[in-house]
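What you see is a predicted model, and the numbers here were worked out from it, not measured in a lab.
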Amino acid sequence: MHDLTGVSRGDRYRALGFSTFAFTVCFAVWTIFSIIGVKIKQDLGLSETEFGILVATPVLTGSVSRIFLGVWTEQYGGRLVFTIQMLATAVACWLLSEVRTYEVFLLAALGVGLAGGSFIVGIAYTSQWFEKDHQGTALGIFGVGNVGAAVTNFGAPFLVIAFGWEQTAQIYAVLLALTAVAFYLLARPDPGEVARKREGRKPVSAREQLAPLRSLQVWRFATYYFFVFGGFVALASYLPRFYVGAYDLSLATAGMLAAAYSMPGSIFRALGGWMSDRWGARLVMYLTFIVSLACLFVMSYPRTQYIVQGIDAPVQFTFGVSLPVFVFLSVLLGFVMSLGKAAVYKHIPVYYPHHVGSVGGLVGMIGGLGGFVLPITFGILNDWFGVWTSSFMLLFAIVLVSTVWMHVAIRLMERRRHPALVEERYLSDVPDVPQPPPAAAR
């Protein structure tokens with residue numbers, strides 16, 4: 001970890017404020033297809049398959065791009081990489097309004113997907129400005145930029161009505177370009193990048209940056225994020241369809257209930273970061289997984305009719321989760337998932353302080369791929385089993401595997417360290433590196 005002695009509180013808040021604002025704008029651009037996608041489908045006469053590919057392309061590229069964007073941030077600094085990423089995305093967003101063929105729309109969608117990669121750039125940049133004990137809170141506040149999706153959902157429809165979807169894309173492109181210029185001019189260079197240039201060191205090679213990815217622990221963190229972020233993105237898009245099909249609600253009502261789930265996933269991420277700093281990221285992950293298991297177990301239960309052989313005649317009754325109970329559980333699930341998202345990224349600068357970009361990029365990529373793969377899987381499960389709650393059964397299985405894997409890994413790690421300390425320390429956030437024995441044992 002580089003020296004932060006000369007970094008003032010104002011410098012820290014400045015970096016956090018600018019990076020959070022830039023990420024909010026990027027996230028708003030990343031989700032622009034949720035509003036303009038339907039209009040594009042109508043104008044081009046796309047089939048459902050073509051439309052699905054077009055809408056999924058930004059999600060896919062926004063996930064995959066996190067790997068190389070994270071490496072480049074570690075090599076060249078977040079201020080420069082963030083600026084270039086936003087400018088490139090702005091060009092692609094403007095291109096949406098100029099093209100008329102499906103193939104070029106896919107190319108533009110690839111570029112728009114870079115907006116999703118901004119997450120790891122901001123994580124790597126922001127984490128450099130704070131000490132370990134405050135990184136969880138800072139990264140949690142940065143993660144509130146997910147609210148950019150709500151900005152698009154609430155604001156973009158009015159722009160489309162007033163100006164049309166082409167001009168809406170242009171407005172988004174201009175706003176993103178202005179944000180990029182402002183970020184480069186007003187944000188300060190990364191402390192690590194400044195120290196590297198002052199000492200005359202060369203940037204760390206991509207091979208060295210990617211070396212930690214051979215660790216099984218990194219992939220364990222990625223599995224956690226596959227659920228807390230990928231599952232969150234998947235449910236945000238799936239719940240309206242679920243409410244309409246399972247509870248026979250109108251689309252407007254279903255959308256509002258889905259919004260009740262998704263809002264806590266953005267707002268309370270900062271709380272998850274603070275809790276990770278205060279009580280440890282592992283404790284927050286245990287809380288996330290245990291509550292998620294309880295919620296998903298109930299949400300997975302399909303509406304069932306029972307016939308019991310009574311004394312005089314068969315007794316028939318129906319059991320299922322009522323709509324108010326399901327909505328409450330979904331909101332609670334969204335809340336703990338927001339805590340878990342912050343806790344996962346609290347781990348990374350603690351365990352891998354010199355590889356936040358590459359490790360965080362992989363974890364973010366796997367999480368983003370969850371948002372791409374899970375909605376498709378939900379549809380397949382519905383087709384195969386014909387049960388609306390099959391999607392929550394899958395999520396329950398994913399969380400169960402993650403919980404067992406995390407607990408076993410922590411217990412084994414503590415036994416390697418010192419058997420006598422297993423019971424009192426398995427919830428701590430000490431990195432998986434050899435630790436000196438306690439004074440009494442020396």
Side-chain angles (χ1 to χ4, degrees), residues 33-34 37-38 41 46-57 59-60 223 226-262 265 289 291-310 314-334 336-337 367-404:
F33 275 100
S34 65
V38 176
K41 180 180 184 297
L46 302 180
S47 66
E48 291 296 332
T49 300
E50 290 173 330
F51 175 68
I53 294 174
L54 177 64
V55 174
T57 298
V59 178
L60 181 62
T223 303
F226 184 87
F227 167 69
V228 294
F229 179 75
F232 168 77
V233 173
L235 285 180
S237 61
Y238 175 74
L239 277 177
R241 178 187 175 193
F242 173 82
Y243 281 128
V244 171
Y247 289 98
D248 196 27
L249 302 179
S250 68
L251 184 59
T253 303
M256 288 189 293
L257 294 180
Y261 158 79
S262 60
F289 284 157
V291 175
S292 295
L293 284 173
C295 291
L296 290 169
F297 179 81
V298 178
M299 295 168 75
S300 298
Y301 201 93
R303 186 171 295 275
T304 309
Q305 291 184 339
Y306 292 95
I307 299 178
V308 179
Q309 188 62 46
V315 178
Q316 182 174 337
F317 63 94
T318 301
F319 178 80
V321 181
S322 66
L323 179 61
V325 172
F326 189 93
V327 172
F328 170 77
L329 291 175
S330 72
V331 173
L332 179 59
L333 180 65
V336 295
M337 290 172 86
L369 288 177
F372 173 75
V373 172
L374 285 174
I376 299 174
T377 308
F378 291 167
I380 293 174
L381 290 175
N382 285 340
D383 289 337
W384 281 0
F385 299 108
V387 177
W388 278 110
T389 59
S390 58
S391 53
F392 302 103
M393 298 177 189
L394 172 63
L395 291 176
F396 178 87
I398 292 173
V399 178
L400 182 61
V401 170
S402 298
T403 306
V404 172

*asked:* With rounding to the nearest 0.5 angstrom, report the CZ to CG distance, F289 to L400.
replied: 10.5 Å
*asked:* Is any side-chain heavy atom of S330 closer than 4.5 Å to one of Y243?
replied: yes
*Let me see the working for L329 and L333 under side-chain contact (heavy atoms from CB on, under 4.5 Å), right down to the final yes or no.*
CA-CA 6 Å; L329 291 175; L333 180 65; over 6 Å; no
*Any pair counted as side chain to side chain donor-acceptor pair (under 3.5 Å), so long as it reaches residues 292-301, sequence neighbours left out*: Y301-Y306
*Hey, would you say the F392 and F326 ring centroids sit under 6.0 Å apart?*
yes
*To the nearest 0.5 Å, how far apart are CG in L395 and CG in L374?*
6.0 Å
*Hey, what do you get for CG (L394) to CD1 (I380), rounding to the nearest 0.5 Å?*
10.5 Å
*Hey, mind stepping through V59 and L369 against side-chain contact (heavy atoms from CB on, under 4.5 Å) and telling me if it holds?*
CA-CA 8 Å; V59 178; L369 288 177; over 6 Å; no
_Residues in ring-ring contact (aromatic ring centres under 6.0 Å, His included) contact with F229, at least two apart in sequence or another chain_ = Y225
*Taking all heavy atoms of A260 and all of V331, pick out the closest pair and write down the distance.*
O-CG2, 3.6 Å
_Please report the interatomic distance CZ(F372) to OG1(T377), rounded to the nearest 0.5 Å._
10.0 Å
*Search all heavy atoms of M337 against all heavy atoms of F227 and return the closest pair with its distance.*
CE-O, 3.2 Å
*Nearest-0.5 Å distance, CG of residue L257 to CG of residue L249*: 6.5 Å
*Any luck finding a side-chain donor-acceptor pair between N382 and S390 under 3.5 Å?*
yes
*Kindly give the heavy-atom pair with the smallest separation between Y247 and V321, and that separation in Å.*
OH-O, 2.8 Å
*So which heavy atom on A234 is nearest to which on F378, and how close?*
CB-CE1, 3.9 Å
*Aromatic plane relationship, F297 with F396 - under 30° parallel, 30 to 60° tilted, over 60° perpendicular*: tilted
*Identify the heavy atoms of T223 and S402 that sit nearest to each other, and give their distance.*
CG2-OG, 3.4 Å
*To the nearest 0.5 Å, what is the distance between CG (L381) and OG1 (T389)?*
10.5 Å
*Identify the two heavy atoms, one from G370 and one from F226, that lie closest to each other, and give their separation to 0.1 Å.*
CA-CE1, 3.3 Å
*Aromatic rings F242 and W388: how do their planes relate, parallel, tilted or perpendicular, breaks at 30° and 60°?*
perpendicular
